[in-house]
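Here the structure comes first, spelled out in structure tokens, and everything after it is commentary.
Read the numbers this way: they start at 1 and go in the same order the structure lists the ligands and their atoms. Side chains included, hydrogens not; waters and symmetry mates left out as well; all remaining heavy atoms used.
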Amino acid sequence: MKYIYFLLILFTFQKHLIIIHAQQHPLAKLWGIDNDYVDIYIERELNLINADRTLKPYLDELNFAETYLNIQNNTLTVYTVNMSKVPEILSIPEVNRYERFLDFRKVNNSLSYLKSSFSEITKLAKQNKPTGIFVNINPKFNNIFIIVYDAIRNDSQEEVLEEYIRSVSQYNAEVIFTNSSNSLNSLTSLHTKRGLSNSRLVETIFCGQGIYNEFDEVTCSAGFFVKNQSHTFLVTAGHCNDNNHVSRSKKKFFTLQTIKPRLIGKLVFSSVYPHDIPLIDIKRISKRLRVSSGVFFENTPYYLHELFINNDGIPVSTHGAHLCKSGYTSSVTCGYTESFNGFDMEADSYFREDLIFVSNMETLFGDSGGPVFAFTNMIRVTINGIVSGRLNSYYETPISPFNSYIIPLDIILNDINLELVTDPIVNV
Ligand SMILES: *[C@@H]1O[C@H](CO)[C@@H](O)[C@H](O)[C@H]1NC(C)=O
Ligand SMILES: *[C@@H]1O[C@H](CO)[C@@H](O)[C@H](O)[C@H]1NC(C)=O
Ligand SMILES: *[C@@H]1O[C@H](CO)[C@@H](O)[C@H](O)[C@H]1NC(C)=O
Ligand SMILES: *[C@@H]1O[C@H](CO)[C@@H](O)[C@H](O)[C@H]1NC(C)=O
Ligand SMILES: *[C@@H]1O[C@H](CO)[C@@H](O)[C@H](O)[C@H]1NC(C)=O
Ligand SMILES: *[C@@H]1O[C@H](CO)[C@@H](O)[C@H](O)[C@H]1NC(C)=O
């Protein structure tokens, strides 16, 4: 009897070990490596980011296009229009140190051409107001992507779109139509109705956990905390505040992952366009709730519940570098930074710009508003922005299965003159 009991314990213990082992770090998953190599790859990525920062000032926009970091083969691709420039660049001592990581590739479109075309394409979108397009410069394809996503368009809107596509055809941008069978999955605000809650028992609210807008019955994710001289706020995504016409003072946000819903605070500021940023004032936060600036991640390989924010990192500016998010529905997932400064024209008056586009990063309904960050080691992160939405999964297009767009941190802080809170426990 005792023996069997012992075996049972052993069995349970082993099963437990297997489960622990199977928990892959989200970066290990993204990069296709074992957890043991994540730190090494973070170092590797940092070296390539440094190569990129060193090189960039020497790349003039007429002879070069963008660069792209390839973590798997430890190279930085430098898209080059005029290959005769390469020896010149390599003769610069700071750059030469990185020579073995650099891979110069011939392309036709210079950055200067791409930027001026993008600017014309943007101007035309603002004039003509086509419905349901997402536009950005895609470095890997050395071109501008105009992604036409599923949106409800009446006949005149279809005409406007067709006319727009005709008028921008002079720039030879890549126009990508996405036809999904499930229109619910099209580019859309990633919020959801209450019902997903599987009440995890914590009485602290972390960045990335579920929050609930009781008035509009919308679930989103907590972004991160910011402050001005007198107040502390929680940032989330703008469309977590539905029905902009209703008085803001009525809108209260509650926790979802506590034993009972607890008051976080009231909405005090909200803008959806051109940037998607509401602020929740936490002055009247529930006495039963502790606020942490840590990013919620219950499945870390180290049994932690959070990732720590350190603000010494610089926001990602290298194409191909990783970015991750923490969200209520799909937890922590990671992807590659594909593009900066994209815009989304969802409907004629709904224009959002300065968006960062990330491929491969799974985001689902309810993840909107969650923090976006880069790992500086396995458990420390630098905040880069918040999840604003995503494009649908695409098949047979040059885009990855998951495509999210992000509002950059500096936009959030500068728009409203705020400071990021990085102390572990946020003072109210
Ligand atoms: C490195 O990998 C990228 C994408 O994974 C590929 O496009 C590129 O050609 C590779 N570069 C070299 C030098 O193998
Ligand atoms: C390409 O670069 C070489 C070397 O700097 C320069 O002499 C040449 O004029 C450039 N070609 C063009 C078309 O700009
Ligand atoms: C670049 O231009 C050349 C000459 O016009 C053309 O043959 C080539 O296919 C172009 N390359 C790409 C990638 O478009
Ligand atoms: C199409 O929709 C737009 C925007 O809602 C509206 O202004 C326009 O009148 C509609 N046109 C037709 C023909 O229904
Ligand atoms: C996708 O939709 C566009 C525009 O409605 C249409 O022109 C195209 O044929 C569709 N493509 C497929 C594969 O269904
Ligand atoms: C801080 O934000 C609060 C709430 O929006 C506002 O009333 C106050 O004036 C702000 N303080 C400063 C110094 O900007």
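Taking the ring centre of F365 as origin, the terminal cationic atom of R390 falls inside the region bounded by 6.0 Å and 45° from the ring axis.
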Show the short N or O contacts, below 3.5 Å, that ligand 1 makes with protein N or O atoms; if there are none, say 'none'.
from, atom 1, to, atom 2, distance (Å)
ligand 1, 2 (O), N73, ND2, 2.4
ligand 1, 9 (O), R105, NH1, 3.3
ligand 1, 9 (O), R105, NH2, 2.9
ligand 1, 11 (N), N73, ND2, 3.0
ligand 1, 14 (O), N73, ND2, 3.2

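For S116, there are no side chain to side chain contact (heavy atoms under 4.5 Å, CB included) partners at least two apart in sequence or on another chain.
For Y171, the OH atom is densely surrounded, since the number of other residues' heavy atoms within 6.0 Å is greater than 12.
Of all the atoms in ligand 2, the ones that sit under 4.0 Å from a non-hydrogen atom of N63 are 14 (O). Every atom of ligand 2 is numbered from 1 in the order shown, and the set under 4.0 Å from a heavy atom of K85 is 2 (O), 5 (O).
For Y149 and D344, the side-chain atoms include at least one donor-acceptor pair closer than 3.5 Å. For the residue pair T382/T376, the side-chain donor-acceptor check at 3.5 Å is not satisfied.
Residue pairs that meet the ring pair (Phe, Tyr, Trp, His ring centres under 6.0 Å) test with at least one member in residues 39-59, sequence neighbours left out, are W31-Y41.
Looking at ligand 2, you'll find an N or O of N82 within less than 3.5 Å of one of its N or O atoms.
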Cut-off 3.5 Å, no hydrogens considered: what does the side-chain donor-acceptor table look like for residues 45-55, sequence neighbours left out?
from, atom 1, to, atom 2, distance (Å)
E45, OE1, H322, ND1, 2.8
E45, OE2, H322, N, 2.7
E45, OE2, H322, ND1, 3.2
N50, ND2, L46, O, 3.4
D52, OD1, T67, OG1, 2.6
D52, OD2, K56, NZ, 3.1
D52, OD2, T318, OG1, 2.8
T54, OG1, N50, O, 2.6

